[in-house]
Amino acid sequence: MDDVIVLGAGVIGLTCAVRLLEGGARVRVVTADEPARTVSRLAAAVWYPTRTEADPRVLAWAHETYDELMAQAAAGAPGVAPRPTRMIVRSPAGAPWWSPAVPDFAAHPGEWRFTVPSVEMPVYLPWLADRVRELGGTVTAARVGALTELGGRAATLVNATGLAARVLAGDAAVFPARGQVVGVANPGLVTSVRDEEHPDGMTYVHPRSRDVVLGGTFQPDDWNEAPDLATTEAILRRCAELVPELAGARPLWEAAGLRPARHGGPRVEADPVALPGGTRLVHAYGHGGAGVTLSWGCAAEVARIAQTGH
Ligand SMILES: Cc1cc2nc3c(=O)[nH]c(=O)nc-3n(C[C@H](O)[C@H](O)[C@H](O)COP(=O)(O)OP(=O)(O)OC[C@H]3O[C@@H](n4cnc5c(N)ncnc54)[C@H](O)[C@@H]3O)c2cc1C
C-alpha cells in the first residue's frame, strides 16, 4: 500500500507529491489528464495572487512560493526566471497585502514596480513530473468517479483535482473563472506589464523566452473552454495600447482555461471524515488565479498535514 495517493497532476498535485516524497513518503500520483493537458499548463505563469483575498495563511503560502521559485531560478530549474514587473495603479492605494513577500516592491507615481519569479509551464510541468519519478514516486493515468474509490488504497489521499473538486468533494463554493490568453512573437520584451483595473478588462503582457503571453479575462461561472475571436482581438488591442512595441502583433496561438476558483479561498485542510478503509483525506484545491503563486507554500502545508493529521 502507498503512503499517499495524490489525485491530480496539475501544479498543485505535482508540488505536493515532490514535498511528500522529500519527506520520505511513498507516493503515487493518479491523474485523469497528463500534466501537459491540465489547466496548469495555461498559467502565464507569473507570481501574483490574482483576485485572491488578503489572508495571513495565503500570504505565508505566497511568500514561501516566491522564495522557492527564486531559489529554483538561481539553481537553473527549466523555465523559471526572475521577471521585472510594472503594474499600473488606477486608484491610489497603499502597498498591497502581498507586498511583504516581494523584497524590491516600490510604489512610483501611477504604478508599482517589483521583481517576481515567472514560470514557463510547458517545460516546468514535465520537469516536476520527472522530479516525482526521480524521487521514487509514480504517475499513473486514471480518472476516478468518486474519491471513495481510492479508500483503503493508501494511508492518505490528497485531493488536488482543481475545478473537479466541485463534484468530487461536493463543494458548491468551487466555480470556474474563465481566462483567455493569446501568444505572440516576442519583439525583445523582458518586463511584465499589468493593468489589472483596465475598464475594458484585466490586461497583462508577460514575456517568455520564445513568445509573449497576452491577457486576459476573468469570467466567473463561464464554462466555455474555447477561445473566441472577439476576445482575442480585444486583448491584442488593449495590450498594444499598454506596450506599444506590440502594435500589429499577430497571434501565434490562443487558448482559454477555467481557473479553479473558490468562494472563501483555497481549501487546504484535512477532511474531518476519513474515506472507507480509514484513508485520511487531505484537500488541496480552489487556488483560482494563483495556483502557481501559492503552489510550494501549499505543498509544504499538505505534507505537514499528511504527516501530522492536522
Ligand atoms: C489563462 C490563465 C492564466 C493563469 N495565469 C496564472 C498566473 O500567472 N499565475 C498563477 O499563479 N496562476 C495562474 N493561473 C491559475 C493556475 O493555472 C491555477 O490556479 C492552477 O493551474 C490550478 O492548479 P491545480 O493543480 O489545482 O488544477 P489543474 O491544473 O486543473 O489540475 C487538476 C488535476 O486533477 C486531475 N483530475 C481532475 N478530475 C479528476 C478525476 N476525476 N480523476 C483523476 N484526476 C482528476 C486533472 O487531470 C489534473 O491533473 C492561470 C490560469 C489560467 C486559466
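Just follow the structure's listing: the first ligand is 1, and inside any ligand the first atom is 1.
For ligand 1, none of its N or O atoms has an N or O atom of A164 under 3.5 Å away. At a 3.5 angstrom cut-off on N or O pairs, G257 does not count as close to ligand 1. Polar contact check, T293 against ligand 1: a nitrogen or oxygen pair lies under 3.5 Å apart. The shortest N or O to N or O distance between I12 and ligand 1 is below 3.5 Å. Residue T31 has at least one nitrogen or oxygen atom sitting less than 3.5 Å from a nitrogen or oxygen atom of ligand 1, judged on distance alone. Residue V292 has at least one nitrogen or oxygen atom sitting less than 3.5 Å from a nitrogen or oxygen atom of ligand 1, judged on distance alone. Considering backbone and side-chain N/O atoms, D33 comes within less than 3.5 Å of an N/O atom of ligand 1. The distance criterion of under 3.5 Å between nitrogen or oxygen atoms is met by A44 with respect to ligand 1.
Only side-chain heavy atoms of L7 come within less than 4.0 Å of ligand 1; its backbone N, CA, C and O stay farther off. Only side-chain heavy atoms of P260 come within less than 4.0 Å of ligand 1; its backbone N, CA, C and O stay farther off.
Listed by atom number, the atoms of ligand 1 under 4.0 Å from L168 heavy atoms are 41 (N).
Within the 4.5 Å cutoff, no side-chain heavy atoms of V116 are placed close to those of P82. Side-chain contact between R86 and F114 is absent, with no heavy-atom pair separated by less than 4.5 Å.
By the 4.0 Å heavy-atom criterion, A284 is excluded from the residues contacting ligand 1.
Atom CD of E245 sits in a crowded spot, with more than 12 heavy atoms from other residues, nucleotides or ligands closer than 6.0 Å.
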Report all side-chain donor-acceptor pairs from residues 137-156 shorter than 3.5 Å, counting only partners two or more places apart or in another chain.
from: E149; atom 1: OE1; to: G145; atom 2: N; distance (Å): 3.4
from: E149; atom 1: OE2; to: G145; atom 2: N; distance (Å): 2.8
from: E149; atom 1: OE2; to: A146; atom 2: N; distance (Å): 3.3

*Criterion salt bridge (Lys or Arg N to Asp or Glu O under 4.0 Å) on D171 and R166, from CA distance to verdict*: CA-CA 5 Å; D171 186 344; R166 180 181 165 91; over 6 Å; no
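Taking the ring centroids of Y66 and W296, they lie at or beyond the 6.0 Å cut-off.
In this structure, L163 shares a hydrophobic cluster with V174, W223, L258, Y285, the cluster being traced through Ile, Leu, Val, Met, Phe, Trp and Tyr side chains under 4.5 angstrom apart.
The nearest non-hydrogen atom to atom 18 (C) of ligand 1, considering only G288, A43, S40, S192, comes from G288.
Stacking of R178 on the aromatic ring of F218 is not recorded, the 6.0 Å distance cut-off and the 45° axial limit not both being met.
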